[in-house]
Amino acid sequence: MPRRLIIAITGASGAILGVRLLEYLRLQPDIETHLLVSSAGWQTVVTELDRSRAEVEALADHVHPVKDIGASIASGSFATEGMVVAPCSMRTLAAIAMGLSDNLISRAADVVLKERRRLVLLTRETPLNLAHLRNMTAVTEMGGIICPPVPAFYQRPADLATMIDHMVGRVLDLFNIEQGLNPPWDPPARRGQPRQGEENP
């Protein structure tokens with residue numbers, strides 16, 4: 001049985017994060033992706049990426065209408081590795097934090113939490129107000145992971161694509177999915193030197 005992963009794209013800026021995640025997982029034969037995109041998410045995809053709906057949907061193994069609360073992923077009996085919301089708007093964060101389940105995105109997230117599976121939210125907003133922070137705390141207390149897409153400048157990224165791949169690689173690491181997008185950190189002062197317990201060749 002393939003490892004199933006739910007990917008949701010909401011209306012916050014950063015649609016490329018979810019799309020790049022889908023692009024990478026498309027190449028992994030043991031991963032089955034289930035895509036959800038909110039209406040605002042589709043608007044962001046068009047605005048930021050100039051990609052059609054058909055192009056994005058073609059990257060996923062299964063696409064679910066966001067209003068279909070009777071979909072397979074709305075049930076805990078449908079086994080998945082968990083869910084990633086990339087990017088996650090503050091509206092979606094609030095719905096998940098309060099357990100609203102008012103659409104398939106928040107319902108699927110609710111199922112992931114109740115079944116004690118991994119929920120990762122790439123929250124996108126700045127600055128943050130108290131409501132945002134309290135909602136992040138609530139999701140964390142329920143077992144979710146708040147993973148803001150913060151660039152790693154210590155990697156000295158050459159371009160935006162490198163920064164995006166680094167963030168996507170961090171998400172894949174959280175699900176123990178092997179990835180070559182984000183190499184392990186190797187401090188500049190130690191590069192080319194043997195690691196502790198090793199000898200020079």
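Hydrogens, waters and symmetry mates play no part in the numbers below; they use all other heavy atoms, side chains included.
Within the structure, side chain to side chain donor-acceptor pair (under 3.5 Å) contacts touching residues 113-124 (residues at least two apart or in different chains) do not occur. For residues 112-152, the set of pairs meeting the ring pair (Phe, Tyr, Trp, His ring centres under 6.0 Å) definition, not counting sequence neighbours, is empty.
One side chain, Asp159 or Thr162, offers a donor N or O that lies under 3.5 Å from an acceptor on the other.
Tracing side-chain contacts under 4.5 Å through hydrophobic residues (I, L, V, M, F, W, Y), one never reaches Leu36 starting from Val171; they form parts of separate clusters. Grouping the Ile, Leu, Val, Met, Phe, Trp and Tyr side chains by contacts below 4.5 angstrom, directly or via other members, places Met83 with Val139. Leu100 and Leu93 end up in different hydrophobic clusters when Ile, Leu, Val, Met, Phe, Trp and Tyr side chains are linked at under 4.5 Å. Cluster annotation: Val112 is connected to Met136 through the hydrophobic network of ILVMFWY side chains, with a link wherever side-chain heavy atoms come within less than 4.5 Å. Hydrophobic clustering keeps Ile69 apart from Met98 (ILVMFWY residues linked when any side-chain heavy atoms are closer than 4.5 Å, directly or through intermediates).
When all heavy atoms of Ser101 and Asp110 are compared, the closest pair comes out as OG-CB, 3.6 Å. Among all heavy-atom pairs drawn from Leu35 and Ala60, the shortest one is CB-CB, 3.6 Å. Counting all heavy atoms, side chain and backbone alike, Gly18 lies closest to Ile7 at O-CG2, 4.3 Å. Between Ile96 and Ser106 the shortest heavy-atom distance is CG1-CA, 4.3 Å. What you find for Val63 and Pro65 is that their closest heavy atoms are O-CD, 4.1 Å. Closest of all the heavy-atom pairs between Val111 and Ala74 is CG2-O, 3.3 Å.
Residues Val84 and Phe175 form a side-chain contact, since some pair of their non-hydrogen atoms from C-beta on lies under 4.5 Å apart. A 4.5 Å side-chain heavy-atom check between Val66 and Val37 finds every atom pair outside the cut-off. Looking at heavy atoms from C-beta onward, Leu17 lies in side-chain contact with Met167 at the 4.5 angstrom threshold. Between Arg107 and Ile105, every side-chain heavy-atom pair lies at or beyond the 4.5 Å cut-off. Looking at heavy atoms from C-beta onward, Val120 lies out of side-chain contact with Val85 at the 4.5 angstrom threshold. Residues Glu23 and Val168 fail the side-chain proximity criterion, which asks for heavy atoms closer than 4.5 Å. Put simply, the side chain of Leu181 does not reach to within 4.5 Å of the side chain of Arg170, judged on heavy atoms. Annotation: side chain of Leu122 is not in contact with side chain of Ile146 (no heavy-atom distance under 4.5 Å).
In this view, Glu32 and Arg4, His34 satisfy the side chain to side chain donor-acceptor pair (under 3.5 Å) rule, not counting sequence neighbours. Under the rule for a salt bridge (charged side-chain N to carboxylate O under 4.0 Å, His left out), Asp68 has no partner lying at least two apart in sequence or in another chain. Here Arg53 pairs with Glu57 under the salt bridge (charged side-chain N to carboxylate O under 4.0 Å, His left out) rule; sequence neighbours left out. Looking at residues two or more places apart in sequence or on another chain, you find no ring-ring contact (aromatic ring centres under 6.0 Å, His included) involving His166.
Remark: Arg134 CZ is loosely packed, at most 12 non-hydrogen atoms of other residues, nucleotides or ligands lying under 6.0 Å away.
Residue Ile31 holds its CD1 atom at 9.5 Å from OH of Tyr24, rounded to the nearest 0.5 Å. Within the model, atoms CG of Leu25 and CG of Asp61 stand 9.0 Å from one another, a figure rounded to the nearest 0.5 Å. To the nearest 0.5 angstrom, Leu49 atom CG is 9.0 Å from Thr44 atom OG1.
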Next item on the list: Mind running side chain to side chain donor-acceptor pair (under 3.5 Å) on Thr92 and Ser89 for me, showing each step along the way?
Entry: CA-CA 5 Å; Thr92 299; Ser89 67; 3.1 Å; yes
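A salt bridge links Asp102 to Arg91: one of the charged nitrogens lies within less than 4.0 Å of a carboxylate oxygen.
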